[in-house]
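No hydrogens, no waters, no symmetry mates; every other heavy atom, side chains included, goes into these values. Numbering of residues begins at 1 and proceeds along the displayed sequence.
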Amino acid sequence: MDPQDLDLIIIPGGEPEELLENEILKTFFNTLPESCKIAAICGGVELVASLGLLNGKNCTGDASGITCQSKSFKYLAESKLLDDHIVIDGNLITAQGQAFIAFAMELALAM
């Protein structure tokens with residue numbers, strides 16, 4: 001797959017701990033075109049944050065909002081955390097896990 005051909009990547013929720021320091025993923029995401037939208041929900045937001053993609057960006061995530069008790073909070077320290085169900089900042093879409101229907105609707109709009 002050529003990353004330059006991608007328009008949208010969806011990162012599902014779950015427990016991303018095994019992938020947080022994955023250099024192959026970091027390299028892949030760094031080769032995406034700026035026009036590619038990246039959408040993450042629940043724990044997927046922490047994965048995107050670990051890749052450095054949320055630094056300086058507005059975001060939300062986890063099941064019902066990110067708190068300092070989140071397992072991967074250290075990766076989100078450079079982000080602007082909002083308590084909204086869905087947050088769109090440029091090409092990034094982040095969502096709390098409880099907002100799965102609104103997230104799906106945003107994905108449809110993004111496509």
Side-chain angles (χ1 to χ4, degrees):
M1 160 182 19
D2 183 353
Q4 296 298 310
D5 293 336
L6 299 175
D7 297 318
L8 172 67
I9 292 187
I10 302 167
I11 311 297
E15 299 291 331
E17 284 77 20
E18 293 182 28
L19 300 172
L20 295 178
E21 301 292 331
N22 189 304
E23 291 300 320
I24 295 170
L25 275 177
K26 286 182 183 181
T27 300
F28 176 81
F29 275 85
N30 286 328
T31 62
L32 292 172
E34 288 186 31
S35 60
C36 182
K37 292 184 168 89
I38 300 169
I41 188 168
C42 198
V45 173
E46 294 171 8
L47 176 59
V48 173
S50 76
L51 301 171
L53 300 174
L54 295 179
N55 292 349
K57 302 284 186 176
N58 294 318
C59 69
T60 191
D62 275 354
S64 58
I66 298 169
T67 68
C68 60
Q69 280 80 36
S70 298
K71 292 178 185 175
S72 306
F73 182 76
K74 67 181 180 179
Y75 297 107
L76 293 151
E78 300 296 320
S79 305
K80 298 173 187 171
L81 305 176
L82 303 177
D83 196 29
D84 299 338
H85 286 174
I86 301 273
V87 174
I88 300 170
D89 190 336
N91 67 325
L92 298 166
I93 303 167
T94 55
Q96 295 176 4
Q98 66 183 341
F100 54 92
I101 294 172
F103 182 67
M105 294 176 70
E106 285 299 331
L107 292 177
L109 292 171
M111 292 190 296

Quick one: are [X] and [Y] in side-chain contact, heavy atoms under 4.5 Å?
{"X": "Leu76", "Y": "Val45", "result": "yes"}
{"X": "Val48", "Y": "Thr94", "result": "no"}
{"X": "Lys80", "Y": "Val87", "result": "no"}

What's the spacing between [X] [atom1] and [Y] [atom2] if we round to 0.5 Å?
{"X": "Ile88", "Y": "Lys57", "atom1": "CD1", "atom2": "NZ", "value": "13.0 Å"}
{"X": "Phe28", "Y": "Leu6", "atom1": "CZ", "atom2": "CG", "value": "5.0 Å"}
{"X": "Leu47", "Y": "Cys42", "atom1": "CG", "atom2": "SG", "value": "12.5 Å"}
{"X": "Leu32", "Y": "Asn91", "atom1": "CG", "atom2": "CG", "value": "9.0 Å"}
{"X": "Asn58", "Y": "Leu82", "atom1": "CG", "atom2": "CG", "value": "4.5 Å"}
{"X": "Glu46", "Y": "Glu15", "atom1": "CD", "atom2": "CD", "value": "8.0 Å"}

TODO: Enumerate the residue pairs fulfilling side-chain hydrogen bond (donor to acceptor under 3.5 Å, both in side chains) with a member in residues 22-45, sequence neighbours excluded, ordered by first and then second residue.
DONE: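 Applying side-chain hydrogen bond (donor to acceptor under 3.5 Å, both in side chains) to every pair that reaches into residues 22-45, excluding sequence neighbours, yields nothing.
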
If you look only at distance, which donor and acceptor atoms sit under 3.5 Å apart when one is on a side chain in residues 95-108 and the other is two or more places apart or in another chain?
{"residue": "Gln96", "atom": "OE1", "partner": "Gln98", "partner atom": "NE2", "Å": "2.6"}
{"residue": "Gln96", "atom": "NE2", "partner": "Thr60", "partner atom": "OG1", "Å": "3.1"}
{"residue": "Gln96", "atom": "NE2", "partner": "Asp84", "partner atom": "O", "Å": "3.0"}
{"residue": "Gln98", "atom": "NE2", "partner": "His85", "partner atom": "NE2", "Å": "3.3"}

Open item on the list: In this structure, would Leu8 and Ile86 fall into the same cluster of hydrophobic residues linked by side-chain contacts under 4.5 Å?
Closed with: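 As far as the 4.5 Å side-chain criterion goes, Ile86 and Leu8 are connected within one cluster.
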
- [ ] Could you state whether Ile38 and Ile66 fall into the same hydrophobic cluster, counting links through intermediate Ile, Leu, Val, Met, Phe, Trp or Tyr residues with side-chain heavy atoms under 4.5 angstrom apart?
- [x]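 Cluster IDs for Ile38 and Ile66 match.
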
What pair of heavy atoms forms the shortest contact from [X] to [Y], and how long is it?
{"X": "Phe73", "Y": "Leu81", "result": "CE1-CD1, 3.5 Å"}
{"X": "Pro16", "Y": "Gly43", "result": "CG-O, 3.3 Å"}
{"X": "Leu53", "Y": "Leu92", "result": "O-CD1, 3.3 Å"}

- [ ] Inspect the surroundings of CD in Gln4 and state if more than 12 heavy atoms from other residues, nucleotides or ligands are less than 6.0 Å away.
- [x]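 Correct, the count exceeds 12.
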
- [ ] Check the pair Asp7, Cys36 against side chain to side chain contact (heavy atoms under 4.5 Å, CB included), reporting the backbone distance first and the verdict last.
- [x] CA-CA 4 Å; Asp7 297 318; Cys36 182; 5.9 Å; no

